[in-house]
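Letters A, B, ... are given to chains in the order of the sequence lines, protein chains preceding strands, and every chain is numbered from 1. Computed from a predicted model, the values in this text were never measured in an experiment. Heavy atoms only: backbone and side chains are in, while hydrogens, waters and symmetry mates are out.
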Amino acid sequence: MMLSILFIPLLVIVGVVFYAVSIYNFLNSTKVRIKASIQEIGNQLKRQAELIPNLANATKGYMEHEQTVFTKLTDARKLISSAVDSGDVEKMLQANEQMMQAMPAIRVVLESNPELKASDLVKDLMRNLTDTSDKVSYARRLLIDLTADYNQKLVVFPSNMIANMFGFKPEVGLKTPESGQHIEVSESDTVTPQINI
Amino acid sequence: MAEIVNFYESSQKNIEKTILLIVGFIVFMIFFAYVIGGLIGDSTSLVFFAFIFSLGSSFVSYYYSDKIVLSLSKAKPVTKEEHFDFYTVVENISIGTGIPMPKLYVIDDTAMNAFATGRDKNHSAVVATTGLLSRLERSEIEGVMAHELSHIGNKDILLMSVVAVLVGTIVLVVDWVWRIRFFGGDDNNKNSNGIFLIVAVVSAIVAPIIAQVIKLAISRQREFLADATAVKFTRNPNGLISALGKLNQDSEKLEVANRATAHLYITNPFKVNSAGFGKNINLLFSTHPPIEDRITRLSNM
């Protein structure tokens with residue numbers, strides 16, 4: 001009888017400690033993963049910022065308003081680079097929007113010059129761009145999922161008590177919803193347009 | 001409606017089933033050795049040998065099942081340059097899910113199929129046939145690969161690979177005993193006739209048991225679950241739906257697949273849907289739900 005009276009509170013304490021440790025570990029490891037996913041977004045945006053000027057270079061001979069496009073790209077690239085270094089994901093995506101503004105001009109050139117579009121270099125750059133934008137969206141999704149998991153633990157009882165005890169702050173994650181500004185190379189883009197005369 | 005299985009439950013079940021399977025395998029081998037040994041008149045040493053052998057092959061199946069399965073399937077490693085879409089699509093899903101990037105292999109065959117193997121997510125491999133890679137578009141390959149990566153994430157791959165190796169071993173051992181009866185039984189006709197009878201009986205019993213084991217281990221639920229998880233990974237059911245549609249149209253048999261490895265593949269590699277003998281075998285070994293059912297479920301998501 002005495003034993004069980006002592007035993008029950010002990011069991012409860014052990015259970016609570018185990019729970020607290022697991023929540024603490026979850027929150028900390030998720031924080032690390034959130035950082036890593038932001039890093040991944042940054043890496044991919046940097047890669048994209050190298051690919052797009054290359055694509056622009058490939059179309060150089062066909063460009064009419066060369067200079068403006070190229071200075072824009074150089075500026076945007078610098079902006080992305082500094083945003084990635086700052087680790088602020090919102091800044092990164094804003095800088096990226098600027099880079100993306102160059103895409104319509106490049107696309108127009110590609111569409112009006114089928115032989116250029118069919119060249120190995122351009123094809124290779126285009127599929128790398130598609131892949132990069134896929135990677136950005138996967139990394140964004142991971143960031144959104146991880147932030148949601150993390151923030152949920154901070155508000156839901158009883159994990160919020162442990163989070164408060166150790167002073168965990170909510171993660172910002174992604175504020176802006178995914179915009180349609182990505183370069184989407186759909187299947188219809190890669191086939192030559194059918195013209196009925 | 002499908003019963004609801006969450007991922008934790010499902011992976012827990014996979015571990016339990018793997019242990020059960022290995023224990024069952026050892027028990028079966030010892031029993032088999034005991035029966036054969038009883039006829040030869042030396043059951044003690046044969047049982048001891050069977051125990052060591054089954055223990056050894058269980059160990060091997062745990063650590064090397066992926067390598068065995070890969071070499072049985074004649075799979076070759078790939079580079080990003082050779083198969084850009086295959087490589088990058090898997091890379092992307094890895095980024096999105098946190099599952100470590102598996103090693104990638106291709107089977108040089110025009111039949112369309114794919115599977116995943118390995119013992120855990122840190123030691124995993126994904127295999128696709130060149131037929132699949134050349135005939136599917138990027139978004140379809142993405143759907144198929146998300147299906148394979150969800151097998152890795154759900155810890156299906158260990159169980160499925162161990163099944164492949166252990167079932168293969170049983171088939172092999174039964175086959176050996178057959179041969180020994182034909183080539184080694186000259187001195188003692190009386191005993192070898194006895195062995196022949198027993199082996200015939202055991203073989204007749206073993207084949208359906210093996211089929212049953214594969215079925216038990218590879219519940220059809222697993223394929224539906226992997227399809228659903230794949231959509232959760234890619235958020236694009238259409239990729240997998242149209243890939244499955246194309247796989248369904250493909251009528252080519254995959255040469256390197258056998259009964260022990262068939263359940264690993266995303267769709268049945270034998271393609272025997274016609275009537276007659278083939279159909280019965282197919283039913284007995286049907287480890288895959290009909291593709292039409294899978295497409296219907298995906299379309300309803």
Side-chain angles (χ1 to χ4, degrees), chain A residues 22 26 29-48 51 89 120-150 173-174 177-178 180 182-191, chain B residues 6-8 78-102 104 121-122 126 133-150 152-153 228-243 245-246:
Chain A
S22 74
F26 171 84
S29 63
T30 310
K31 254 168 109 173
V32 172
R33 289 185 68 194
I34 286 173
K35 254 202 186 128
S37 68
I38 292 173
Q39 187 73 48
E40 183 66 44
I41 294 174
N43 288 343
Q44 295 307 329
L45 291 181
K46 264 189 173 169
R47 182 169 171 235
Q48 194 164 268
L51 287 168
V89 69
D120 285 343
L121 175 68
V122 170
K123 274 205 301 216
D124 186 57
L125 286 167
M126 288 306 277
R127 67 175 194 172
N128 270 299
L129 271 176
T130 314
D131 177 48
T132 313
S133 73
D134 277 0
K135 284 193 166 67
V136 172
S137 58
Y138 268 108
R140 292 175 71 132
R141 248 184 247 166
L142 183 65
L143 176 59
I144 292 167
D145 289 351
L146 288 173
T147 319
D149 283 356
Y150 176 92
L174 275 177
E178 197 158 350
H182 294 290
I183 7 130
E184 279 154 9
V185 184
S186 62
E187 212 37 51
S188 58
D189 285 337
T190 58
V191 294
Chain B
N6 70 37
F7 302 120
Y8 177 74
V78 297
T79 61
K80 186 175 175 180
E81 285 70 34
E82 286 169 321
H83 294 283
F84 182 84
D85 282 339
F86 179 30
Y87 192 96
T88 53
V89 149
V90 174
E91 203 174 44
N92 294 353
I93 302 167
S94 293
I95 290 173
T97 56
I99 295 169
M101 172 93 180
L104 302 183
K121 55 183 179 176
N122 295 314
V126 172
L133 295 175
S134 62
R135 275 145 77 187
L136 294 187
E137 320 236 332
R138 188 178 165 91
S139 65
E140 294 163 342
I141 297 177
E142 193 176 23
V144 171
M145 290 310 142
H147 173 101
E148 297 310 334
L149 265 90
S150 58
I152 296 174
T229 316
V231 173
K232 190 181 152 233
F233 287 172
T234 62
R235 322 253 158 125
N236 172 23
N238 293 330
L240 186 55
I241 289 172
S242 93
K246 284 190 184 174

(message) Please find the pair of heavy atoms, one from A/Tyr138 and one from B/Phe233, that lie closest to each other, and give the distance.
(response) CE2-O, 3.4 Å

(request) Would you please go through residues 85-92 of chain B and name the residues with a non-hydrogen atom below 4.5 Å from one of chain A, in numerical order? (result) B/Thr88, B/Glu91, B/Asn92

(request) State whether the number of non-hydrogen atoms from other residues, nucleotides or ligands found under 6.0 Å of A/Asp120 atom CG is greater than 12. (result) no

(message) Less than 4.5 Å to any heavy atom of chain A: does that hold for the side chain of B/Ser94, its backbone, both, or neither?
(response) neither

(message) Do B/Phe84 and A/Asn128 have side chains that approach each other closer than 4.5 Å (heavy atoms only, starting at C-beta)?
(response) yes

(message) Please report the interatomic distance CZ(A/Arg141) to OG1(B/Thr234), rounded to the nearest 0.5 Å.
(response) 7.0 Å

(request) For atom NZ of B/Lys80, decide whether the heavy atoms of other residues, nucleotides or ligands shown that lie under 6.0 angstrom number more than 12. (result) yes

(request) Please indicate whether A/Lys46 has more than 12 foreign heavy atoms, meaning atoms of other residues, nucleotides or ligands, lying under 6.0 Å from its NZ. (result) yes

(request) Could you tell me which portion of A/Arg127 (side chain, backbone, both or neither) has an atom closer than 4.5 angstrom to a non-hydrogen atom of chain B? (result) both

(request) Specify the closest pair of heavy atoms between B/Thr97 and A/Arg33, including all atoms of both residues, with the distance to one decimal. (result) O-NH2, 4.0 Å

(message) Just verifying a value: how many Å separate B/Arg138 CZ and A/Thr130 OG1, rounded to the nearest 0.5 Å?
(response) 6.5 Å

(message) A quick test of your reading: do over 12 heavy atoms of other residues, nucleotides or ligands sit less than 6.0 Å from CD of A/Gln39?
(response) no

